[in-house]
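Bear in mind that the values here come from a model prediction, so they are computed numbers and not experimental data. All residue numbers in this chain count up from 1 along the given sequence.
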Amino acid sequence: MKIWEFAKVKGSKIKVDNWMSDTMGLVDGGCVYSTLFKHPEQGPKDYEIILSMFPQENYRTLTHVTMYLDDVPGSSAQAADFLAKKEINILNSISLNGISDTVIVWKLMADLNFAGEGEMLVDAFNSLKAKGDTSVSKIRRIDVKPAEIGRLFKSGYSSNGKQEIRRGYPMTITDGCIDVSEQYGDILGDIDGKNTLITIDADSWIMSLTIFKPDTSLVKVGITIPDCPGGITQMLNVIAGWNVNLISVFSKIKVCYQSMYLELFMDIGKSKMSADDIKKALPEEMAKLNGVYELVEFAVMN
């Protein structure tokens, strides 16, 4: 599943595509909590804003709960009642039918009463199930794991070198846009027209807005390549030889075992080749590769 998209900043507003906002449950008039990070000097990324539906102080008790239910009337109500009696607050959630149509999988982000309560929740369920208690008769299994959202907000530098700069108060989403000027305008400065990478973590209900450095030059390339072992490798080796930094790679099958579509977003800011040079060189280099390669799309994003 593709979990990112690119957008241009308009003034100080960043527009989130509908498919992303729908996936994340972001609605106009809703509030999100934000934190601004600064990326290291090396690399194309400059600043990053992490958005979450939940306050940072709740991160220690946020937990992923997955409930497997019989696909029968009343199973979801029974599952919700089981959690309610434990005084566990259901936050964002999504349910789907299993392929066999005999089970419902309900994935929840829940706020527990205290960190570590997840194991007690599973133990309580297993105990009731072993006794044949009718209060859990329609629930097959419960899995629990910590959300670990807090790993993004450790003090100082995180493991990938990002530094937390500021935590903001809740932002309101208006017309599908996030306006970053009021809380971070003094740090970000003039970002009008800059490219932004929007990434979502659907499991943790987190969204990332990444603003690139001024010397970044983004190019989007779409290529039809053979669907065979080594097909992607050959293409990426060509790109690597030009000192191009890949921002994202996305591939999808067109005809199974015959052809696939490869989409690349890359930063050519530190390459000795211009966008025109690369656009001209790509077909020439692809003609030397094993199999049929075809340049379908080439777009300069700056």
Do T216 side-chain atoms and P44 backbone N/O form a donor-acceptor pair below 3.5 Å?
yes
Co-members of Y33 in a cluster of I, L, V, M, F, W and Y side chains, linked at under 4.5 Å
none
Say whether, by atom type as modelled, one donor and one acceptor occur between the side chain of D17 and the main chain of M20 under 3.5 angstrom.
no
Give a yes or no on whether the backbone of N245 and the side-chain of D267 come within a donor-acceptor separation of less than 3.5 Å.
no
More than 12 foreign heavy atoms under 6.0 Å from NZ of K13: is that the case here?
no
What verdict does the side chain to side chain contact (heavy atoms under 4.5 Å, CB included) test give for M260 and T224, after you've listed the backbone C-alpha separation in whole Å, the side-chain angles of each residue and the deciding distance to 0.1 Å?
CA-CA 6 Å; M260 66 192 309; T224 298; over 6 Å; no
Please say whether more than 12 non-hydrogen atoms of neighbouring residues, nucleotides or ligands are located less than 6.0 Å from CD1 in I94.
no
Between Y59 (side chain only) and A147 (backbone N and O only), is there a donor and an acceptor less than 3.5 Å apart?
no
Return yes if some donor-acceptor pair links the side-chain N/O of K138 with the main-chain N/O of P73 below 3.5 Å, else return no.
yes
Any carboxylate oxygen within less than 4.0 angstrom of a Lys/Arg side-chain nitrogen, looking at E164 and R167?
yes
Test item: side-chain donor near acceptor, S271 and W242, under 3.5 Å:
no
Minimal non-hydrogen separation, L121 against K86, with atom names:
CD1-CG, 4.0 Å
Pairwise side chain to side chain donor-acceptor pair (under 3.5 Å) hits with a residue in residues 119-131, at least two apart
none
All salt bridge (Lys or Arg N to Asp or Glu O under 4.0 Å) counterparts of K85, not counting sequence neighbours
D81
How far apart are the C-alpha atoms of D186 and R166, what are their side-chain angles, what is the distance that settles it, and do they pass the salt bridge (Lys or Arg N to Asp or Glu O under 4.0 Å) test?
CA-CA 11 Å; D186 59 321; R166 178 185 296 169; 3.0 Å; yes
Is the backbone of K45 close enough, under 3.5 Å, to the side chain of K213 for a donor and an acceptor to pair up by distance?
yes
L91 and M53: side chain to side chain contact (heavy atoms under 4.5 Å, CB included), yes or no, with the steps?
CA-CA 9 Å; L91 302 174; M53 305 297 294; over 6 Å; no
Validation: residues 104-112 side-chain donor-acceptor distances under 3.5 Å, sequence neighbours left out:
unit_1 : atom_1 : unit_2 : atom_2 : d
W106   : NE1    : S93    : OG     : 3.2
D111   : OD1    : T61    : OG1    : 2.6
D111   : OD2    : N58    : ND2    : 3.2

Under 3.5 Å, is there a donor-acceptor pair between the S12 and D179 side chains?
yes
The reported gap from CG in L209 to CD1 in I14 (rounded to nearest 0.5 angstrom) is 4.5 Å
Are the ring centres of F6 and F265 closer than 6.0 Å?
yes
Could you measure the distance from the CD1 atom of I139 to the CZ atom of F82? Nearest 0.5 Å is fine.
6.0 Å
For residues V238 and L289, determine if any side-chain heavy atom of one lies less than 4.5 Å from a side-chain heavy atom of the other.
yes
Mind checking side chain to side chain donor-acceptor pair (under 3.5 Å) for D143 and listing every partner two or more places apart, or none if nothing turns up?
R141
Tell me, yes or no, whether the heavy-atom count around K15 atom NZ, taken from other residues, nucleotides or ligands under 6.0 Å, exceeds 12.
yes
Between D192 (side chain) and G11 (backbone), is there a donor-acceptor pair under 3.5 Å?
yes
Nearest 0.5 angstrom please: S137 OG to L128 CG, how far?
11.0 Å
We want to know whether S34 and Y169 form a side-chain donor-acceptor pair, criterion being a heavy-atom distance below 3.5 angstrom.
no
Qualifying residue for side chain to side chain contact (heavy atoms under 4.5 Å, CB included) with I278, from V219, V244, I239
V244
One should read off an interatomic distance between D227 CG and C256 SG, to the nearest 0.5 angstrom, of 5.5 Å
Of all heavy-atom pairs between V122 and I142, which one has the smallest distance, and what is that distance?
CG2-O, 4.0 Å
Remaining members of hydrophobic cluster (4.5 Å side-chain criterion), M120:
F114
To the closest 0.5 Å, what do you measure between CD (E5) and CD1 (I198)?
7.5 Å
Shortest non-hydrogen contact from P146 toward H64
O-CD2, 3.8 Å
Does a salt bridge link K272 with D277, judged by any charged N lying under 4.0 Å from a carboxylate O?
no
Can you check side chain to side chain contact (heavy atoms under 4.5 Å, CB included) on L83 and M67, steps first, answer last?
CA-CA 11 Å; L83 295 177; M67 308 186 78; 3.8 Å; yes
Are there over 12 heavy-atom neighbours, none belonging to K8, within less than 6.0 Å of that residue's NZ?
yes
Tell me who clusters with V296, hydrophobic residues only, linked when side chains sit under 4.5 Å apart either directly or through other members.
Y261
Grab the two heavy atoms, one from T63 and one from K145, that are nearest each other, plus how far apart they are.
CG2-O, 3.2 Å
When every non-hydrogen atom of V16 is compared with those of S21, the smallest separation belongs to CG1-N, 3.9 Å
Among I200, I49, D201, which residue meets the side chain to side chain contact (heavy atoms under 4.5 Å, CB included) test with M207?
I200
Is there a donor-acceptor pair under 3.5 Å between the side chain of Y184 and the backbone N or O of G168?
yes
Residues pairing under salt bridge (charged side-chain N to carboxylate O under 4.0 Å, His left out) where one sits in residues 290-302, two or more places apart or in two chains, turn out to be K220-E297
Distance-only, no hydrogens or angles: does the S75 side chain make a donor-acceptor pair with backbone N or O of V72 under 3.5 Å?
yes
Under a 4.0 Å N-O cut-off, is there an ion pair linking R140 with D70?
yes
The ring pair (Phe, Tyr, Trp, His ring centres under 6.0 Å) partners of F125 (sequence neighbours excluded) come to none
Pair L262, V221 - check side chain to side chain contact (heavy atoms under 4.5 Å, CB included), show working.
CA-CA 8 Å; L262 181 66; V221 176; over 6 Å; no
Is the backbone of H39 close enough, under 3.5 Å, to the side chain of Q163 for a donor and an acceptor to pair up by distance?
no
Residues 238-260 vs salt bridge (charged side-chain N to carboxylate O under 4.0 Å, His left out), sequence neighbours excluded, gives none
Shortest non-hydrogen separation from Q78 to V136 and the atoms involved:
OE1-C, 3.1 Å
Residues which pass salt bridge (Lys or Arg N to Asp or Glu O under 4.0 Å) with E285, listed by chain and number, not counting sequence neighbours:
K288
Identify, with sequence neighbours excluded, every residue that meets side chain to side chain donor-acceptor pair (under 3.5 Å) alongside T66.
none
Do I247 and F212 have side chains that get closer than 4.5 Å, going by heavy atoms?
yes
Can you tell me how far CG of D46 sits from OG1 of T210, rounded to the nearest 0.5 angstrom?
10.0 Å
